[in-house]
Amino acid sequence: MKIEDVKNVTVLGAGAMGRQIAMNTAMNGRKEGYKVTVADSFPQAVESAKAWAADYLAGRVKKGRLTQEEADQVAANLTFSGDVEKSAENADFIIEAVIEDLKVKRELFEKVSKVCKPDTILATNSSNLVSSKLADVTVNPERLMNLHYFNPALVMQLVEVVRGPHTSAEAVEVAKAFAEKTGKCPIIINKEIAGFVANRINAAVTREACLLLEKGIASVEDIDTACEKGLGYPMGPFRLMDMTGLDVNYYVRRDRYAESGDENDKPSPLVIEKVKKGELGRKTGKGWYTYPDAKK
Ligand SMILES: NC(=O)c1ccc[n+]([C@@H]2O[C@H](COP(=O)([O-])OP(=O)(O)OC[C@H]3O[C@@H](n4cnc5c(N)ncnc54)[C@H](O)[C@@H]3O)[C@@H](O)[C@H]2O)c1
């Protein structure tokens, strides 16, 4: 497969990430004329993604970001399907974004890699499961890799292309070019590692911020201010944790610690305490900061 041969793109999973990856591909890849199909095995997910896409495009037109003609072109290139296997048959590039469940992903890659073309690029958007965990069930795993988008995928530019020991140099090149042609900024990760690059760096910063707080070195507000005003971060680590959810931080670190046994990966006792109290961040109205207007 060469990048010039990529015409039909299939996104598996129409959830938070899948629908945005599909929309990004249809919208920013419209010069390439990419035909994008989003497939999900749950009919309500397909319907919800369809309604979201129509709303999103109408909003872009209203804000003057797209002309009606451009929005119509994007809509014409974006189709929705409840038949995962059928949607894979004609695809040149497949991006999987279904639930984070290894068993589900393994079954899907086994099925899909049998019905698609032998050189269709196969990418998983998983944040935590490296593509090696799918390689033994995938037909021709040299075309398999992680292609890791960030949430919200329509806004965040970074895409991590993660090479597994089974991934060919050609497949990595096609994925990199694909990300560029759809308006993203790809980086290549040469070896599989838990958390890849951006989330590892973020985890290290968050860990240090929690340690400084635990030791009473500085307050939540002052540590955030140090990162924002001294290091140019758009948002300090505590403010960011409030946005993504303290429970997410807790679960990711708990699972990483269970896998690595490295004390550095352990969840912070301060985070554990807050999670126990149900202070999970913006979504509960209180985390490191309070949010009086948040829905409880
Ligand atoms: N949410 C994030 O911030 C984020 C960021 C980067 C990567 N990811 C990764 O993206 C993937 C999806 O995450 P999400 O947040 O979009 O999840 P989500 O729960 O919003 O969506 C998952 C979708 O998968 C569908 N699904 C379940 N089983 C399926 C199957 N067998 N075939 C087809 N579809 C199936 C569900 O109906 C649902 O629509 C995960 O692997 C996750 O690690 C998530």
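All of these numbers come straight from a predicted model, not from anything done at the bench. Counting starts at 1 for both ligands and their atoms, in listed order. The figures here come from the full heavy-atom set of this structure, side chains too, leaving out hydrogens, waters and symmetry mates.
For the pair Glu110 and Arg106, the salt-bridge criterion is not met [side-chain N within less than 4.0 Å of a carboxylate O]. Ion pair Glu263/Lys266 flagged as a salt bridge, since at least one NZ, NE, NH1 or NH2 atom sits closer than 4.0 Å to an Asp/Glu carboxylate oxygen. For the pair Lys117 and Asp92, the salt-bridge criterion is met [side-chain N within less than 4.0 Å of a carboxylate O]. Using a cutoff of 4.0 Å between basic side-chain nitrogens and carboxylate oxygens, Arg239 and Glu228 are scored as salt-bridged. Look at Lys2 and Glu170 and you find no salt bridge, because none of the NZ, NE, NH1 or NH2 atoms lies under 4.0 Å from a carboxylate O.
Of all the heavy atoms of Tyr149, the ones lying under 4.0 Å from any atom of ligand 1 belong exclusively to the backbone. Residue contacts with ligand 1 for Val98 involve both N, CA, C or O and side-chain atoms from C-beta outward (heavy atoms, distance under 4.0 Å). Contact annotation: for Ser41 versus ligand 1, heavy atoms closer than 4.0 Å belong to both the backbone and the side chain.
Side-chain contact between His148 and Ile189 is absent, with no heavy-atom pair separated by less than 4.5 Å. By the 4.5 Å heavy-atom criterion applied to side chains, Tyr233 and Val205 are counted as neighbours. In this structure, Val271 and Arg253 have side chains that are not in contact, with every pair of non-hydrogen atoms separated by 4.5 Å or more.
Residue, atom and distance of the protein heavy atom nearest to atom 16 (O) of ligand 1 are Met17 N, 2.8 Å. Annotation: atom 17 (O) of ligand 1 to nearest protein heavy atom, Ala16 N, 4.6 Å. Looking from atom 21 (O) of ligand 1 to the surrounding protein, the closest heavy atom is Gly15 CA, 3.3 Å. Ser127 OG, 3.4 Å is the protein heavy atom nearest to atom 8 (N) of ligand 1. Of the protein's non-hydrogen atoms, Asp40 OD2, 2.7 Å is the one closest to atom 39 (O) of ligand 1.
Ring geometry for Phe178 versus Phe93: interplanar angle under 30°, hence parallel rather than tilted (30 to 60°).
Below 3.5 Å of separation, one finds no N or O of Glu96 facing any N or O of ligand 1. An N or O contact shorter than 3.5 Å is missing between Gly18 and ligand 1 by distance.
Of all atoms in ligand 1, numbered sequentially from 1 with element shown, those under 4.0 Å from a heavy atom of Ala45 are 37 (O), 39 (O). When each atom of ligand 1 is checked for a heavy atom of Val104 under 4.0 Å away, the hits are 28 (N), 31 (N). Atoms of ligand 1 lying under 4.0 Å from any heavy atom of Lys105, numbered from 1 in the order shown and given with element: 40 (C), 41 (O). Close contacts of ligand 1 with Asn151, meaning ligand atoms under 4.0 Å from a residue heavy atom, involve 1 (N), 2 (C), 3 (O).
Annotation for Pro186 and Lys184: closest pair CD-O, 3.4 Å, computed over non-hydrogen atoms. The two atoms that bring Ala175 and Met145 nearest to each other are CB-SD, 3.4 Å, heavy atoms only.
Proximity of Arg19 to ligand 1 is not established, as no heavy-atom distance is less than 4.0 Å. Not close to ligand 1: Glu107, with no non-hydrogen atom less than 4.0 angstrom away. At least one heavy atom of Asn125 sits closer than 4.0 Å to an atom of ligand 1. Under the 4.0 angstrom criterion for non-hydrogen atoms, Ile99 is in contact with ligand 1.
Using a 4.0 Å threshold on non-hydrogen atoms, atom 37 (O) of ligand 1 counts as touching the protein.
For atom 40 (C) of ligand 1, the choice among Glu100, Glu85, His148, Lys111 with the nearest heavy atom turns out to be Glu100.
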Between Lys7 and Glu32, is the salt bridge (Lys or Arg N to Asp or Glu O under 4.0 Å) condition met? List the steps. CA-CA 8 Å; Lys7 304 275 179 250; Glu32 311 299 326; over 6 Å; no
